[in-house]
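Have a look at the structure below, then the notes.
Numbers for residues simply follow the sequence, beginning at 1. We use all heavy atoms of the structure for the numbers below, so side chains are in, but hydrogens, waters and symmetry mates are not.
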Amino acid sequence: MGNKRYEELTFTDDFMFCKILSNNEDLCKELLELILGIRIRKIVIVNKQQEISITADAKSVRLDVYVEDDDNLVYDIEMETSKTKNLPKRSRYYQGMIDLNIIERGDKYDKLKKSFVIFICLKDPFDRGLHIYTFQNSCKEAPDLLLGDETTKVFINADGTADDISKDMSEFLRYLREGIGNSSFVKKLDHAVKKARDHVEWRTEYMSLQLKFYDIWDEARDAGWEEGKEAGMKAGMEAGMEAGMVTGKLYQLFELVHDNIITTEDAYIRTKLTKEEFLSQMNEYYSKK
């Protein structure tokens, strides 16, 4: 989740991405139409960050934005800000979990819905320079023969170089990279982000989640997560990470107290500071804002 304050979040931050698309069906529909080049009559946001876990001991998956339309299609939209090698297998796992979530024991396979798993990536996941990579299962010996399992995986690359997209898509990808764009869709999207920054309940939720994140990190650190690291690397990495995390947690506590979400007493006991030290640093923090 990082050390970003709520008012600094952009559309590419996971929390803001999920809130904007999960609470604006028209924007979500327009984004799907832009990415897939299709017309959709109506969509329904099934769940916000839906978690799917088939068995108690299975690895669960939390989907960013899970959508259905009135043509019995399902869409999973994910934001991916960093480059990772496991993205293809993640898309495979997500697809499988979605299917298992749809079909119940004893159901016929024709109950499986046509589905799209979409990753919006800020970095090129395949290093080919394309802006859009679309994958469907086809026959190796006859590439024009599709398997017909009605599954599609799409990777949007904001860092592409090829001349392969529309002007509207280009403006959207520019917005992802630079935070600016001139298309009508981008303007609506940016307006929704700015409006969301004034959403008190979302701000409180974000800050609470961030605080939980810091607490979990503290527990992991105290449990000795750094064991097995090279001694020199461990010392430098731990020092840098701890400084950043402690500072971020402290700033988050300042914001929670300032907004009357928690009391000063509730805040400073989460730190190693005295109440006087906490208030002194809090006053210094706000004097510099």
Side-chain angles (χ1 to χ4, degrees), residues 17 21 28-29 31-40 43 46 50-55 57-170 172-173 176-177:
F17 174 80
L21 294 185
C28 188
K29 173 177 171 292
L31 177 60
L32 286 170
E33 291 177 332
L34 179 64
I35 290 173
L36 300 175
I38 60 176
R39 298 296 297 174
I40 303 172
I43 67 166
V46 176
Q50 173 162 324
E51 183 167 347
I52 297 175
S53 183
I54 303 304
T55 63
D57 58 351
K59 179 180 175 64
S60 63
V61 57
R62 183 175 295 276
L63 306 179
D64 280 355
V65 183
Y66 186 72
V67 180
E68 293 184 358
D69 71 10
D70 56 357
D71 279 333
N72 208 35
L73 276 68
V74 297
Y75 311 85
D76 166 39
I77 317 171
E78 305 286 327
M79 175 60 70
E80 189 67 30
T81 58
S82 58
K83 189 168 182 176
T84 173
K85 293 181 179 179
N86 68 0
L87 207 54
K89 288 191 175 180
R90 270 181 60 199
S91 70
R92 169 183 168 183
Y93 189 75
Y94 283 20
Q95 180 66 69
M97 292 294 278
I98 290 170
D99 287 345
L100 288 171
N101 189 56
I102 291 172
I103 197 168
E104 298 179 1
R105 187 184 300 273
D107 280 345
K108 295 182 179 178
Y109 293 117
D110 59 9
K111 281 200 171 183
L112 288 173
K113 300 176 180 180
K114 185 176 182 179
S115 61
F116 293 85
V117 175
I118 302 167
F119 282 88
I120 301 176
C121 307
L122 299 190
K123 300 295 182 182
D124 193 333
F126 302 107
D127 296 322
R128 295 293 185 94
L130 301 178
H131 288 98
I132 303 177
Y133 300 91
T134 303
F135 293 88
Q136 293 180 326
N137 292 323
S138 63
C139 178
K140 179 180 179 180
E141 292 76 15
D144 62 328
L145 175 61
L146 296 181
L147 180 61
D149 59 351
E150 296 188 321
T151 64
T152 303
K153 301 175 183 69
V154 181
F155 300 83
I156 303 300
N157 170 31
D159 201 30
T161 56
D163 183 16
D164 58 350
I165 52 175
S166 67
K167 183 177 180 180
D168 284 344
M169 177 60 84
S170 178
F172 171 64
L173 298 184
L176 297 182
R177 295 190 309 270

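Residue E78 holds its CD atom at 10.5 Å from OG of S91, rounded to the nearest 0.5 Å. For the atom pair CG of L21 and CD1 of I77, the computed distance is 5.5 Å after rounding to the nearest 0.5 Å. Atom CD1 of I165 is separated from atom NE2 of H131 by 4.0 Å, given to the nearest 0.5 angstrom. Once rounded to the nearest 0.5 Å, the distance linking CZ of F172 with CZ of R177 reads 11.0 Å.
For D69 (side chain) and D71 (main-chain N/O), a donor-acceptor pair under 3.5 Å exists by modelled atom type. Here the side chain of N86 pairs no donor or acceptor atom with the backbone of R90 at under 3.5 angstrom.
For residues 142-161, the pairs satisfying ring-ring contact (aromatic ring centres under 6.0 Å, His included) are F119-F155, F126-F155, F135-F155, with sequence neighbours left out. The salt bridge (charged side-chain N to carboxylate O under 4.0 Å, His left out) analysis of residues 155-165, with sequence neighbours excluded, yields no pairs. Listed by first then second residue, pairs satisfying salt bridge (charged side-chain N to carboxylate O under 4.0 Å, His left out) with a partner in residues 117-145 read K83-D127, not counting sequence neighbours.
Not counting sequence neighbours, the partners of K29 by the side chain to side chain contact (heavy atoms under 4.5 Å, CB included) test are E33, I40, I43. In this view, T81 and T12, M79, L122 satisfy the side chain to side chain contact (heavy atoms under 4.5 Å, CB included) rule, not counting sequence neighbours. Taking T134 as the reference, I132, T152, V154 meet the side chain to side chain contact (heavy atoms under 4.5 Å, CB included) condition, with sequence neighbours excluded. Partners of R92 by salt bridge (charged side-chain N to carboxylate O under 4.0 Å, His left out), not counting sequence neighbours: none found. Residues passing the side chain to side chain donor-acceptor pair (under 3.5 Å) test with S115 are Q95, sequence neighbours excluded. Judged as a side chain to side chain contact (heavy atoms under 4.5 Å, CB included), and not counting sequence neighbours, the contacts of N72 are K113. Scored by the salt bridge (charged side-chain N to carboxylate O under 4.0 Å, His left out) test, D70 finds R41 as partners (sequence neighbours excluded).
Proximity of F17 to I120: side-chain heavy atoms (C-beta onward) are separated by under 4.5 Å at one or more points.
Across every non-hydrogen atom of E68 and V74, the tightest pair is CG-CG1, 3.5 Å. Minimum heavy-atom separation, A162 to L130: CB-CD2, 4.1 Å. P143 approaches S138 most closely through the heavy-atom pair O-CB, 3.5 Å.
With E80 as the partner, the side chain to side chain contact (heavy atoms under 4.5 Å, CB included) test is satisfied by one option alone out of I156, N157, L87: L87. Paired with L36 under the rule side chain to side chain contact (heavy atoms under 4.5 Å, CB included), one option of L73, L31, I118 passes, and it is I118.
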Legend entry - Check against side chain to side chain donor-acceptor pair (under 3.5 Å), T151 and D149: CA-CA 6 Å; T151 64; D149 59 351; 3.1 Å; yes

